[in-house]
Amino acid sequence: MNGGDGGDVAAAPAGPPPPLEWKFSQVFGERTAGEEVQEVDIISAIEFDKTGDHLATGDRGGRVVLFERTDTKENIGSRRELERMDYSVSRHPEFRYKTEFQSHEPEFDYLKSLEIEEKINKIRWCQSSNGALFLLSTNDKTIKYWKVQEKKVKKISDMNIDPSRAVGNGSVASSSVSSSPKQCRANGGYADRSLNCLSNDLSFPPGGFSSLRLPVVVTSNETSLVARCRRVYAHAHDYHINSISNNSDGETFISADDLRINLWNLEISNQSFNIVDVKPTNMEDLTEVITSAEFHPTHCNTLAYSSSKGSIRLVDLRQSALCDSHSQLFEEQEAPGSRSFFTEIIASISDIKFSKDGRYILSRDYMTLKLWDINMDSGPVSTFQVHEYLRPKLCDLYENDSIFDKFECCLSGDGLRVATGSYSNLFRVFGCAAGTTEATTLEASKNPMRQVQTPSRPSRSLSSSITRVVRRGSESPGVDANGNSFDFTTKLLHLAWHPTENSIACAAANSLYMYYA
């Protein structure tokens, strides 16, 4: 590296990346002041596809809403051409509403006298082909495989009666079809006299028509998005499904409930293989349940699942058909003398995510985010304190069931940062590169940085081959970074990080907020 005087200057070692400054990008479904949120409109799942050009959300009403990216389409040339030119897109990601469809309906299990709600628990994108989008969505019991595709609209034209001779109803060679109910008579006629193509009001020419022209269905240039359910994967889970995950082979996926993980082929909906079963012979001996499961992003034979005891198990499908014995176990030993009534509850892992390269696993329990190196099972390489300030309030949180809230987590595409949600519609972004102290608290609103950046500091360093760092977000007990008391009714449970850019989508009740840095 050349200095200003022309002499050689040794390059300084690269430090950790600077903290990101987050800015508001978009909001969909913003509430007006005082507007009451309908339960069915609350977002319950968010997922970017692998390209980052599409975003899907699911809600408690069983609907799936798709958004597509618009800012890349405005640039001249295809993305491949821009990459060849080393063209950097300076604009932040912008999305627009694409379509929505009803994925699940409320059902009733008559054998168990149990209502099955329509709430979407998870959405996962599958490989797209021929311009069609494919995705999996699940509620508590049933997984569905959806194909969303643009189709050309077909219209009826060239009716068999000359439109110029029709009276009262205008042109009958219309492309639109009336949806109004028609009252039929016993002789097959219509009571509605305005539909005069079949009424006696029509004037026929003397001698009648020389020829009969039948209606013709023609394909117009207009297109509409059609969502079609390709397959339904049902009746394979006795307990509520908490996870679905696609395999990197593009052919299979897993679904997990409290006690079992099943392996499916996308093309076969009437059978699945049970690959993990933690159900004891006597249910009184049950000590832990499965809380989340995910396939490795590149190794099709590897998957990880977490438990309510705070452990993560790595499973190799090549070892045996039934993978009850794990190949690796990741758990942190609790400090002696620290056990309490709430220890097991707050240790339960609510979500796990692999990093893009598959080297790390991010886990979220009630109090912390933990980053695990799959090559080191002695403990997490980093721990990020999210809810440490709530420790004195665990009794209250247990009373109002907030202690059982399941917060999701996500990693950036480059693996340098992690994020998770909290109460009062706050979410936190932590840097996980060596030497960084980045710990930012943001609010899901149009002014995300209204929450001041919280100072972070290593709280302890454990002597090992890899230094384990613990960093904290806002730590004032009972108050947020502005000194306001926390609102446990507004919680940010669901968020997703764009796969290639520093952009986060998060759900605050029925509103979808998007931010970029």
Asker: For the residue pair E294 and S245, confirm or rule out a side-chain donor-acceptor distance under 3.5 Å.
Answerer: no
Asker: So, the side chain of S424 versus the backbone of L426: is there a donor-acceptor pair under 3.5 Å, distance only?
Answerer: no
Asker: Using the test side chain to side chain donor-acceptor pair (under 3.5 Å), find all partners of D405 that sit at least two apart in sequence or belong to another chain.
Answerer: Y423, K491
Asker: Closer than 3.5 angstrom, by distance alone: can the side chain of Q102 be matched with the main-chain N or O of H104 as a donor-acceptor pair?
Answerer: yes
Asker: If you apply the rule ring-ring contact (aromatic ring centres under 6.0 Å, His included), what do you find for F341 with Y398, and how did you get there?
Answerer: CA-CA 10 Å; F341 172 77; Y398 180 77; 5.3 Å; yes
Asker: Kindly give the heavy-atom pair with the smallest separation between K112 and D109, and that separation in Å.
Answerer: N-OD1, 3.2 Å
Asker: Answer yes if the ring centres of F67 and F28 are under 6.0 angstrom apart, and no otherwise.
Answerer: yes
Asker: Go through it in stages, so that I can follow the logic: the residues are V65 and I43, the test is side chain to side chain contact (heavy atoms under 4.5 Å, CB included), and I'd like the CA-CA distance, side-chain angles, deciding distance and then a yes or no.
Answerer: CA-CA 10 Å; V65 183; I43 296 172; over 6 Å; no
Asker: Apply ring-ring contact (aromatic ring centres under 6.0 Å, His included) to residues W372 and Y360 and explain how you reach the verdict.
Answerer: CA-CA 5 Å; W372 307 79; Y360 297 95; over 10 Å; no
Asker: Who pairs with H296 by side chain to side chain donor-acceptor pair (under 3.5 Å), at least two apart in sequence or on another chain?
Answerer: T298
Asker: When you look at K122 and E408, which way does the salt bridge (Lys or Arg N to Asp or Glu O under 4.0 Å) test go after all the steps?
Answerer: CA-CA 11 Å; K122 295 288 179 184; E408 292 181 2; 3.4 Å; yes
Asker: Checking A434 now: which residues fulfil side chain to side chain contact (heavy atoms under 4.5 Å, CB included) with it, not counting sequence neighbours?
Answerer: none
Asker: Per the salt bridge (charged side-chain N to carboxylate O under 4.0 Å, His left out) rule, what does the pair list look like for residues 342-352, sequence neighbours excluded?
Answerer: R339-E344, D351-K353
Asker: Of the non-hydrogen atoms in C410 and L362, which two are nearest, and what is the gap between them?
Answerer: O-CD2, 3.5 Å
Asker: Check the side chains of H299 and S248 for a donor-acceptor pair under 3.5 angstrom, ignoring hydrogens and angles.
Answerer: no
Asker: Under a 3.5 Å cutoff, is there a donor and acceptor pairing between the side chains of W264 and T252?
Answerer: no
Asker: Using salt bridge (Lys or Arg N to Asp or Glu O under 4.0 Å), reason through D365 and K370 one step at a time and then give a plain yes or no.
Answerer: CA-CA 8 Å; D365 56 48; K370 290 174 182 166; 3.6 Å; yes
Asker: Is there side-chain contact between L442 and R428, with at least one heavy-atom pair below 4.5 Å?
Answerer: no
Asker: With sequence neighbours left out, what residues match D396 under salt bridge (charged side-chain N to carboxylate O under 4.0 Å, His left out)?
Answerer: none
Asker: Assess the residue pair S412 and V418 against the criterion (side chain to side chain contact (heavy atoms under 4.5 Å, CB included)); give the C-alpha distance rounded to whole Å, side-chain angles, the decisive distance to 0.1 Å, and a yes or no.
Answerer: CA-CA 6 Å; S412 61; V418 296; over 6 Å; no
Asker: Between R60 and E118, does any side-chain N to carboxylate O distance fall below 4.0 Å?
Answerer: no
Asker: Assess whether salt bridge (Lys or Arg N to Asp or Glu O under 4.0 Å) is satisfied between K141 and D257, documenting all intermediate values.
Answerer: CA-CA 9 Å; K141 295 290 184 181; D257 64 22; over 6 Å; no
Asker: List the residues meeting salt bridge (charged side-chain N to carboxylate O under 4.0 Å, His left out) with E150, not counting sequence neighbours, and say none if there are none.
Answerer: none
Asker: Using atom types as modelled, flag every donor-acceptor pair under 3.5 Å from a side chain in residues 125-134 to any protein atom, sequence neighbours excluded.
Answerer:
from	atom 1	to	atom 2	distance (Å)
W125	NE1	E47	O	3.0

Asker: Can you name the residues that form a salt bridge (charged side-chain N to carboxylate O under 4.0 Å, His left out) with K119, not counting sequence neighbours?
Answerer: none
Asker: Do T420 and R364 have a side chain donor and acceptor closer than 3.5 Å?
Answerer: yes
Asker: Does a donor on one side chain sit under 3.5 Å from an acceptor on the other, for T291 and S306?
Answerer: yes
Asker: Taking side chain to side chain donor-acceptor pair (under 3.5 Å) as the definition, give me every residue that meets it alongside S503, ordered by chain and number, with sequence neighbours left out.
Answerer: none
Asker: Kindly state whether the ring of Y366 and the ring of H387 have centres lying under 6.0 angstrom apart.
Answerer: yes
Asker: Tell me, which pairs form a salt bridge (charged side-chain N to carboxylate O under 4.0 Å, His left out) where one or both residues lie in residues 225-236, sequence neighbours left out?
Answerer: R231-E267
Asker: For residues D59 and N510, is any side-chain donor paired with an opposing acceptor at under 3.5 Å?
Answerer: no
Asker: Return yes if some donor-acceptor pair links the side-chain N/O of R63 with the main-chain N/O of V40 below 3.5 Å, else return no.
Answerer: yes
Asker: Quick one: which of F427, W22, W497 gives a ring-ring contact (aromatic ring centres under 6.0 Å, His included) with Y515?
Answerer: F427
Asker: Kindly compute the distance separating CD1 (I312) from CD1 (I349), expressed to the nearest 0.5 Å.
Answerer: 4.0 Å
Asker: Given the rule in the side chain to side chain contact (heavy atoms under 4.5 Å, CB included) test, do V226 and V148 qualify, once you have shown the distances and angles that lead to the verdict?
Answerer: CA-CA 6 Å; V226 178; V148 182; over 6 Å; no
Asker: State, yes or no, whether a side-chain contact exists between H54 and L66 at a heavy-atom distance under 4.5 Å.
Answerer: no
Asker: Considering all heavy atoms of both residues, which atom of P93 and which atom of Y516 are nearest to each other, and what is their separation?
Answerer: CD-CB, 4.4 Å
Asker: Between G52 and F95, what is the shortest heavy-atom contact and its length?
Answerer: O-CZ, 3.3 Å
Asker: So that I can tick it off, tell me whether D238 and R260 are bridged by a salt bridge, with the cut-off set at under 4.0 angstrom between side-chain N and carboxylate O.
Answerer: yes
Asker: Without swapping roles, check the side chain of S243 against the backbone of A293 for a donor-acceptor pair under 3.5 Å.
Answerer: yes
Asker: Of the non-hydrogen atoms in L492 and A444, which two are nearest, and what is the gap between them?
Answerer: CD1-CB, 3.6 Å
Asker: Evaluate the side-chain proximity of K356 to T500: yes if any heavy-atom separation is below 4.5 Å, no if none is.
Answerer: yes
Asker: Using atom types as modelled and distance alone, determine if a side-chain donor or acceptor of S311 lies under 3.5 Å from a backbone N or O of F330.
Answerer: no
Asker: Within the side chain of N247, is there an N or O that forms a donor-acceptor pair under 3.5 Å with the backbone of C300?
Answerer: yes
Asker: Compute the ring centroids of F253 and Y233, then answer whether they are less than 6.0 Å apart.
Answerer: yes
Asker: Who are the salt bridge (charged side-chain N to carboxylate O under 4.0 Å, His left out) partners of E36, not counting sequence neighbours?
Answerer: none
Asker: Tell me whether the count of non-hydrogen atoms from other residues, nucleotides or ligands lying under 6.0 Å of NZ in K147 goes above 12.
Answerer: yes
Asker: Does the distance from a Lys or Arg side-chain N to an Asp or Glu carboxylate O, for E501 and R69, drop under 4.0 Å?
Answerer: yes
Asker: Quick one: do K309 and E331 make a salt bridge, cutoff under 4.0 Å?
Answerer: no
Asker: If you apply the rule side chain to side chain contact (heavy atoms under 4.5 Å, CB included), what do you find for L136 with I143, and how did you get there?
Answerer: CA-CA 7 Å; L136 290 165; I143 307 157; 4.1 Å; yes
Asker: Test of understanding: with side chain to side chain donor-acceptor pair (under 3.5 Å), list the residues that count as partners of N139, not counting sequence neighbours.
Answerer: none
